[in-house]
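Every chain is numbered from 1 and lettered A, B, ... according to where its sequence line falls, protein lines coming before strand lines.
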Amino acid sequence: MSNQKFADMVMPQLAESLVSATIAKWLKQPGDKVEQYEPICEVITDKVNAEIPSTVDGIMGEWVAEEGQTVAVGEVICRIAAAGAAGAPAEERPQAEPRTTSAPVQAEASGDQSMRGRYSPAVQSLAAEHGVNLSAVQGTGMGGRITRKDVLAYIENGGAAAETGRAAEAPAKKEVHSPFAGLPHANPAVRPEQYIPVPPASSRQSGLHMTESPRIPAVEIEDQNGRAETMIDVTPIRNAIATNMRQSVSEIPHAWTMIEVDVTNLVLLRNKLKDEFKRREGYNLTYLAFLLKAVVNAIKEYPIMNSVWAVNKIIVKRDINISLAVGTEDSVMTPVIQRADQKNIAGLAREIEELATKTRQGKLKLEDMQGGTFTVNNTGSFGSILSYPIINYPQAAILTFESIVKRPVVINDMIAVRSMANICLSLDHRILDGVICGRFLQRVKENVEGYTLDTKVY
Amino acid sequence: MAEMEYIDAIRLAMKEEMEKDENVFVLGEDVGVKGGVFTTTKGLQDQFGEERVIDTPLAESAIAGVAIGAAMVGMKPIAEMQYSDFMLPATNQIISEAAKIRYRSNNDWSCPVVVRAPIGGGIFGGLYHSQCPESIFFGTPGLKIVAPFTAYDAKGLLKAAINDPDPVLFFENKKCYRMIKGDVPLDDYTVPIGKANVLREGTDITVIGYSMPLHFCLQAAEELEKEEGISAHILDLRSLQPLDRDAIIEAVRKTGKVLIVHEDNKTGGVGAEVSAIISEECLFDLDAPIKRLCGPDVPAMPISPPMEKFFMLSKDKVKQAMHELADY
């Protein structure tokens, strides 16, 4: 019951542009022990889930922000009782104070919170009876325990009424909590099923596997004619995608071009290596890894592809950081392979695997999302043979890798059955023109077609 | 109404009942000529003669046996055990005969006997003069057990015991004899057996006890209220058998934090049963683990004064336990 120090945890500035973030989930309950740098909650920002680490060792005090609440940067989200300042001297108590009235006030000063989360039967009964959310009640008992009297005092002070009011709102709010919650993301980017020996009877299969329908919160309403329409809440992710897409399309004059590539040798090469690779490395050797290598090598020869329009100048980026478009059931993310030019095919395959896993688990960090200079989208994974991608603002171009399809091709005036794929490119016509892009794509084509059975992935 | 000592209240009860009903008589060691080693029966032989206030041999089994036999044929004997420590030779008579006769005879016979016995330590009496034998008799169906703490209850419960149609053990605390004083009506009243009594209303903690330690509880409660603002609710069980379940439950529900206090040792004591009742009936009212403050589980009261002090409950011990519970 002494002057315990509480440290305020504020919403950190997760990125330059960030002004607010939404609390997705509290990872620490009031009363839980917290170590410095240990994550205390998950937040949703414009494009990513991030975890907020504690800045001190101590015991989680009260949550100031609720799950689902959007908090401005710099605002307090919770309080943590800093360790070291704890250990309230129990024996020396100030003058007699009637416990009935001062109970809630005392709590703030209490140090040890080890009993904060332990509720006695009496406390639980009272809380259930009056609909009290115990995390909102101050504990004055030993170790910060909420006593029966604390609950009674809370009820008496009208806490319960406010509580029930809030509870009524809660369901509506809850929908927005985490758009990623419970989603087993299938990840098209790492599914190299473009090349499928198509069973004769069935038609083309797409590479996309919906494991479940998207858990997008929807509200059905009836119109006058009795036909139901569905209202879907816009999630923070959806909103961010919309904003970025609109900005890109309205600012960047898009142009588009496409080439076709003979990947027969690549298919043979990959078939030769993939089982051994999987066994040895534990992850898949995908077509995408080979393609990325081909693209990165082409960018090295045409560095202008790796640039940004800056109104009165063009900034050519030194590092080649490939943004990889990864679709999930209800959104698309673009995690970044940093310095992709420094990596061999095996290294790229590993990066793809890791980023895809993180995306699937909703565990992408902000740093995974930053610094991209050129975007590659593996659109073949969902069966596309031709697409018109929107540039990942503010980059200069975006390239798609379409489905690998066996087609009759004329080679030396003879018809052969070859594995063919289209590669599409959307470009910022302020920076790039047809000639340079044509050359760049030719280089990509040469690189891809240059793979032979002798190509090393390491 | 007069202020009197606990021991005077006991004597007054016997006197009134003997005046009222000639079937009431007293027997025991030194109860007659000497008037009892504690002077509990002083003056009774002078008033009622040696046929109604009988000095007996030093044979507790005989005292109990005579009293039980007399009771079965319609007398209302008050058998005094000089110290409850000496009572054990009489346990066979009390438990196997008095407690069971109504049941054994299919309600043909009854045994309206009262066995008075002083309990408790703190008088430098050592092993043979300090025991609390409640737990020996507690839990024997057919016996009633009362253990008053106030002078008022001592008189009222003894009169109720004398008029009860079944055997009643009347455990008076020898330390209370002179220490406890209180207003006692001079008229005829009884305190019902099986009814507990709230000594003090409170909101923070509930203290349940009986007999002399309640004195410490009241003192501690007074100080805690003044010094810490801790408000203690104190329940005097008064009757150990039958226990007043409803009063116990009600007292527990007042605060959800319970301290049970008695001088008899902890293991298998009355507090264990009270605690069990609370567990059975009040799980969802509990705000803290049930706490017991009792005599230690050692074979006997030590004769050495510092050791006796260690053994005995005190205001400070009770206060600390109450404080800890309030803090929980």
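Dense packing is recorded around CE of M179(B), with more than 12 heavy atoms of other residues, nucleotides or ligands lying under 6.0 Å away. Atom NZ of K317(B) has more than 12 neighbouring heavy atoms from other residues, nucleotides or ligands inside a 6.0 Å radius. Applying the 6.0 Å contact sphere to OH of Y328(B) captures more than 12 heavy atoms from other residues, nucleotides or ligands. Counting non-hydrogen atoms of other residues, nucleotides and ligands closer than 6.0 Å to CZ of R200(B) gives a total above 12. The local environment of NZ in K28(A) is crowded, with over 12 non-hydrogen atoms from other residues, nucleotides or ligands closer than 6.0 Å. Within 6.0 Å of OH in Y189(B) there are more than 12 heavy atoms belonging to other residues, nucleotides or ligands.
For the residue pair A288(B) and S120(A), the shortest heavy atom distance occurs at N-CB, 4.5 Å. The minimum heavy-atom distance between R148(A) and K254(B), with the atom names listed, is NH2-O, 3.0 Å.
Heavy-atom distances place the backbone of I146(A), and not its side chain, under 4.5 Å from chain B.
Salt-bridge annotation for D287(B) and R145(A): present, with a side-chain N of the basic residue lying under 4.0 Å from a carboxylate O of the acidic one.
Inspection of non-hydrogen atoms places P121(A), A122(A), V123(A), S125(A) of residues 121-128 of chain A under 4.5 Å from chain B.
Options L283(B), L286(B), D285(B) differ in how many heavy-atom pairs under 4.5 Å they form with chain A, and the most are formed by L286(B).
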